[in-house]
Amino acid sequence: MYQELAWHWTVLLISIVIITFALAAVGSRKKSDYGPIQSRGYRIRSWFFIALLVLGIPILFGTLVFTSLPYASATAPAAKEYQIVHAVGHQWRWELDNIRLQANQPVEFRVTSGDVNHGFGIYDSSLRLLTQIQAMPGYTNVMRYTFQTPGTYKVMCLEYCGLAHHGMLAELTVTE
Ligand code: CUA
């Protein structure tokens, strides 16, 4: 509703700008009576500026305070709705604090490394890569993913990290 209101105001203000430009363009073609038209143009411009201030400032504050526009899309679901998984990569294993997850409920993976760079990749049962993120020492990278279907998913390392890189496997069990 607020979004619609903001949109209507935007359209209105853009229309005013277009009309102002159109008037100025029409006026500039007439060579005679240039002076009065110019002063009328200035008058329109100053009225337009005042109108912008009078309308724009309340709209700006109103949308920011009451609807958090234009940042509505940044309002992610509250943290408690996520299933949280802390993942730490080590040479050569994954340390996961939660391996039983629910389908159709978003999961937030917080991924880091205890030693060197690893790649945290999640595969489905037919070994198709679904999503991945870097596991880096000193950083926690956040990756969000929602499993659609229950089943067993594999975590594999995607970055060569030494001798037993290929042995860095883990399993996630996703239930209804
Ligand atoms: Cu860890 Cu490759």
Side-chain angles (χ1 to χ4, degrees), residues 1-14 17-18 52-53 55-176:
M1 178 239 181
Y2 286 107
Q3 230 148 358
E4 222 168 276
L5 197 67
W7 170 244
H8 290 323
W9 278 111
T10 307
V11 170
L12 180 70
L13 292 176
I14 289 170
V17 175
I18 290 168
L52 259 189
L53 286 183
L55 295 174
I57 290 173
I59 288 172
L60 180 68
F61 278 91
T63 54
L64 279 176
V65 171
F66 296 113
T67 69
S68 71
L69 273 172
Y71 307 111
S73 59
T75 317
K80 63 179 179 198
E81 291 173 34
Y82 284 96
Q83 310 171 77
I84 308 290
V85 178
H86 290 93
V88 189
H90 299 280
Q91 287 168 309
W92 289 277
R93 65 194 168 83
W94 289 108
E95 184 191 325
L96 304 169
D97 67 347
N98 182 11
I99 56 168
R100 302 198 164 273
L101 303 166
Q102 283 180 341
N104 299 310
Q105 197 195 330
V107 185
E108 185 174 291
F109 293 94
R110 299 177 184 170
V111 182
T112 186
S113 169
D115 38 47
V116 299
N117 270 20
H118 301 274
F120 183 82
I122 298 179
Y123 292 79
D124 68 8
S125 53
S126 48
L127 293 185
R128 252 191 332 202
L129 179 64
L130 301 176
T131 182
Q132 59 95 21
I133 198 166
Q134 281 256 309
M136 301 157 74
Y139 294 90
T140 299
N141 290 327
V142 173
M143 176 177 79
R144 287 165 180 170
Y145 187 77
T146 303
F147 294 95
Q148 309 288 345
T149 43
T152 303
Y153 293 82
K154 280 197 160 48
V155 176
M156 291 196 229
C157 186
L158 284 172
E159 186 165 328
Y160 184 72
C161 54
L163 259 187
H165 153 74
H166 57 274
M168 282 186 71
L169 304 170
E171 261 183 16
L172 300 170
T173 304
V174 176
T175 54
E176 286 284 4

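Counting convention: from 1, in listed order, for ligands and their atoms alike.
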Practice prompt. Measure up the Phe109 and Phe147 rings against each other and bin them: parallel (under 30°), tilted (30 to 60°), perpendicular (over 60°).
Written response: perpendicular
Worksheet item: Taking atom 2 (Cu) of ligand 1 as the vertex, what is the angle from SG of Cys161 to ND1 of His165, given to 10 degrees?
Response: 120°
Item to complete: Using 2.8 Å as a strict upper limit, say whether an N, O or S atom of Cys157 approaches atom 2 (Cu) of ligand 1 that closely.
Response: yes
Discussion item. Checking side-chain polar atoms at under 3.5 Å, does Glu176 have a donor or acceptor matched by the opposite partner on Gln102?
Written reply: no
Worksheet item: So, does Thr112 use its side chain to make a donor-acceptor pair with the main chain of Tyr139 at under 3.5 Å?
Response: yes
Worksheet item: With a 3.5 Å cut-off and no angle check, do the side chains of Asn98 and Gln83 form a donor-acceptor pair?
Response: no
Worksheet item: Has Asn117 got an N, O or S atom lying less than 2.8 Å from atom 1 (Cu) of ligand 1?
Response: no
Worksheet item: Looking at atom 2 (Cu) of ligand 1, which N/O/S atom of Glu159 is the nearest one?
Response: O
Worksheet item: Can you tell me how far CD of Gln134 sits from CG of Leu158, rounded to the nearest 0.5 angstrom?
Response: 9.0 Å
Worksheet item: Within less than 2.8 Å of atom 2 (Cu) of ligand 1, any N, O or S from His166?
Response: no
Discussion item. Please give the atom name: the N, O or S atom of His118 nearest to atom 1 (Cu) of ligand 1.
Written reply: ND1
